[in-house]
Protein chains: 2
Amino acid sequence: MLQAGADIDRSETLTERQQAVLDAALRLLVEEGDNLTMTAVARRASCSKETLYKWFGDRDGLLTATVQWQASKVRVAAVDRDRLDLVSLTASLERFASDWLKVISSDTSIALNRVAVGHAGSGKDDLGAVVLQNGRFALARRLKPVLEAGRQAGLLDFEDAETAFRTFFGLVGRDVQIRLLLGDRVELTEATIGGDARRATQQFLALFGATNRP
Amino acid sequence: MLQAGADIDRSETLTERQQAVLDAALRLLVEEGDNLTMTAVARRASCSKETLYKWFGDRDGLLTATVQWQASKVRVAAVDRDRLDLVSLTASLERFASDWLKVISSDTSIALNRVAVGHAGSGKDDLGAVVLQNGRFALARRLKPVLEAGRQAGLLDFEDAETAFRTFFGLVGRDVQIRLLLGDRVELTEATIGGDARRATQQFLALFGATNRP
DNA sequence: ACCGAACCGTAACGTACGGTACGCCTCTGC
DNA sequence: GCAGAGGCGTACCGTACGTTACGGTTCGGT
């Protein structure tokens with residue numbers, strides 16, 4: 001974990017206009033990647049560059065604000081842990097897998113991860129930390145309770161929730177994210193995502209299902 | 001797959017001096033990331049910028065040449081498929097997993113993947129394709145024969161070698177690569193790598209071992 | 001009606017860097 | 001010994017872009 005508090009909700013402190021500007025910046029980031037220019041953002045958002053600098057400090061500030069803004073938009077509801085049987089657990093896992101695949105294959109996620117990876121080398125900002133917090137670690141925070149509940153209910157068997165989660169993460173994501181980030185055209189239709197989610201869930205249950213480990 | 005022939009061995013056409021220059025560029029790429037400058041490369045390599053441009057065309061040419069040069073250095077020997085029993089298969093898989101984890105956690109691999117991901121957005125060059133070819137796809141090419149041999153020997157049971165490979169890939173890599181690329185400090189000692197390789201191999205065998213599927 | 005703040009549009013500045021030109025050195029072949 | 005090629009070092013050019021400055025406009029408060 002890089003930096004605590006990287007996922008604070010900034011949507012309170014942002015006015016409507018500022019959110020609109022960040023939306024424009026986000027759209028431009030998806031189109032242009034890291035070589036978006038301040039002038040382009042200003043033009044797209046119909047605001048002046050001076051305003052951009054007054055609001056966000058400098059280019060890096062604008063970028064991190066944009067990433068955090070997008071992150072604050074995808075807050076997802078947790079799952080209820082009541083009445084947990086094998087079918088509901090399976091459904092939850094499949095849901096997580098499917099949602100996750102949809103996220104990482106979306107244009108905005110790819111664009112955001114690209115710029116964050118690009119910036120991770122030169123430690124000017126902490127885009128990487130922000131993306132990690134709202135990506136991989138947020139998923140873990142939301143999935144671990146489900147895993148723990150599954151263990152409590154005697155459906156799952158694992159020592160450490162962290163390693164179990166990481167295995168699930170690997171089974172779901174496999175090579176998809178790195179291939180997408182590197183520009184490979186991975187065909188991810190609704191159907192294939194559903195199939196992959198089911199397959200990953202079944203594999204995970206085969207590895208960590210309580211019945212399979214006496 | 002992006003572009004065929006992206007992994008041709010250019011080490012033949014490169015003179016000693018050029019290789020030294022590319023090594024310098026590679027070292028600088030690891031240190032500076034994508035914001036290395038042509039002047040810096042020239043200074044580090046003790047050569048003139050004019051030479052850089054004569055040899056490699058432009059900045060993108062230098063970058064792709066550097067990536068291909070590094071790729072050509074990590075050509076690994078394949079495994080012999082004779083006398084294949086469960087222990088030798090297990091050893092092979094563990095070896096692949098361990099090697100792969102060592103590669104993706106190395107400084108140079110992280111740096112190379114970072115610039116390739118960064119460039120993948122704006123389609124100026126095909127760094128992403130090169131990295132994919134010599135990374136994920138090269139691994140598949142080397143591992144698939146082993147998997148096929150395992151199936152032939154009745155040790156493994158799978159429909160498609162590709163999906164089997166991708167599962168193995170996911171079990172080994174999990175969240176390691178994306179976390180490293182995003183700047184997370186993942187502790188990967190020799191010991192943990194060995195443990196992860198063993199765990200991934202056992203999980204893979206649990207999923208695709210012929211004995212477990214009647 | 002007036003004032004000031006916020007903001008837009010645009011022009012201007014400074015710099016960093018990709019790319020090129022040129023003078024000088026070194027080394028190899030004749 | 002010499003000519004020419006290859007290469008080093010450096011100065012130079014053009015441009016793109018981050019950042020700043022400024023005049024004009026809208027708008028809420030008094």
Side-chain angles (χ1 to χ4, degrees), chain A residues 12-67 69 111 114-116 118-119 121-127, chain B residues 12-67 69 111 114-116 118-119 121-127:
Chain A
E12 299 298 324
T13 77
L14 290 176
T15 156
E16 283 287 335
R17 181 83 181 101
Q18 289 174 326
Q19 296 180 3
V21 169
L22 290 184
D23 274 327
L26 186 60
R27 260 177 294 134
L28 213 47
L29 200 64
V30 172
E31 298 171 17
E32 305 283 338
D34 200 3
N35 38 14
L36 66 76
T37 154
M38 296 296 276
T39 331
V41 174
R43 195 161 39 221
R44 176 71 68 99
S46 295
C47 75
S48 80
K49 289 209 274 181
E50 188 171 21
T51 306
L52 290 184
Y53 283 100
K54 170 178 291 188
W55 285 350
F56 307 107
D58 58 358
R59 189 175 185 276
D60 285 336
L62 173 66
L63 254 46
T64 56
T66 306
V67 173
W69 167 236
R114 285 221 179 107
V115 317
H119 282 225
S122 60
K124 295 186 56 180
D125 46 30
D126 282 329
L127 284 186
Chain B
E12 299 297 325
T13 77
L14 291 176
T15 154
E16 283 287 334
R17 181 82 181 103
Q18 290 173 325
Q19 296 181 3
V21 169
L22 289 185
D23 273 328
L26 186 61
R27 259 177 296 132
L28 212 47
L29 200 64
V30 173
E31 299 172 17
E32 305 282 338
D34 200 5
N35 38 14
L36 65 76
T37 154
M38 297 295 278
T39 334
V41 173
R43 195 160 39 222
R44 176 70 68 99
S46 296
C47 74
S48 80
K49 285 210 283 178
E50 190 169 21
T51 307
L52 290 183
Y53 284 101
K54 169 178 291 187
W55 285 350
F56 306 107
D58 57 357
R59 188 175 185 275
D60 285 336
L62 173 66
L63 253 46
T64 55
T66 306
V67 174
W69 166 236
R114 286 220 179 108
V115 317
H119 281 224
S122 60
K124 295 186 56 180
D125 46 29
D126 283 328
L127 283 187

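It should be emphasised that the depicted structure is a prediction, and the values quoted were computed from it without experimental measurement. Lettering follows sequence order; numbering is per chain, from 1.
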Test of understanding: with side chain to side chain contact (heavy atoms under 4.5 Å, CB included), list the residues that count as partners of [X], not counting sequence neighbours.
X: A:L29; result: A:L36, A:L112, A:V115
X: B:A111; result: B:V30
X: A:A40; result: A:L28, A:T37
X: B:R17; result: B:T15, B:A20, B:V21, B:S46, B:C47, B:W55

Can you see which heavy atom on A:A65 is nearest to which on A:L22, and at what distance?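 Of all heavy-atom pairs spanning A:A65 and A:L22, the closest is O-CD1, 3.8 Å.
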
Start and end of the DNA chain C segment that chain B contacts, any atom under 4.0 Å from a heavy atom: C:dG18 to C:dC22

What salt bridge (Lys or Arg N to Asp or Glu O under 4.0 Å) pairs are there with at least one residue in residues 44-55 of chain B, not counting sequence neighbours?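 Every pair satisfying salt bridge (Lys or Arg N to Asp or Glu O under 4.0 Å) with a residue in residues 44-55 of chain B: B:E31-B:R44.
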
List in chain and number order the residues that pass salt bridge (Lys or Arg N to Asp or Glu O under 4.0 Å) with A:D58, two or more places apart in sequence or in another chain; answer none if no residue qualifies.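 If we apply the salt bridge (Lys or Arg N to Asp or Glu O under 4.0 Å) test to A:D58, skipping adjacent residues, there are no hits.
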
Could I get the full list of salt bridge (Lys or Arg N to Asp or Glu O under 4.0 Å) partners for A:D34, not counting sequence neighbours? A:R59

Contacting residues from residues 27-40 of chain A, given that a heavy atom lies under 4.0 angstrom of DNA chain D: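 When residues 27-40 of chain A is checked for heavy atoms under 4.0 Å from DNA chain D, the hits, listed by number, are A:L36, A:T37, A:M38.
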
CE on B:M38 to CG on B:L52, rounded to 0.5 Å: 5.0 Å

side-chain hydrogen bond (donor to acceptor under 3.5 Å, both in side chains) partners of A:D23, counting only residues at least two apart: A:W69, A:K73

Identify the 5'-most and 3'-most nucleotides of DNA chain D with at least one atom closer than 4.0 Å to a non-hydrogen atom of chain A. D:dG18 to D:dC22

A:K49 or B:K49: which one's nearest nucleotide on DNA chain D is closer to the 5' end?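 Between the two, 5'-proximity favours B:K49.
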
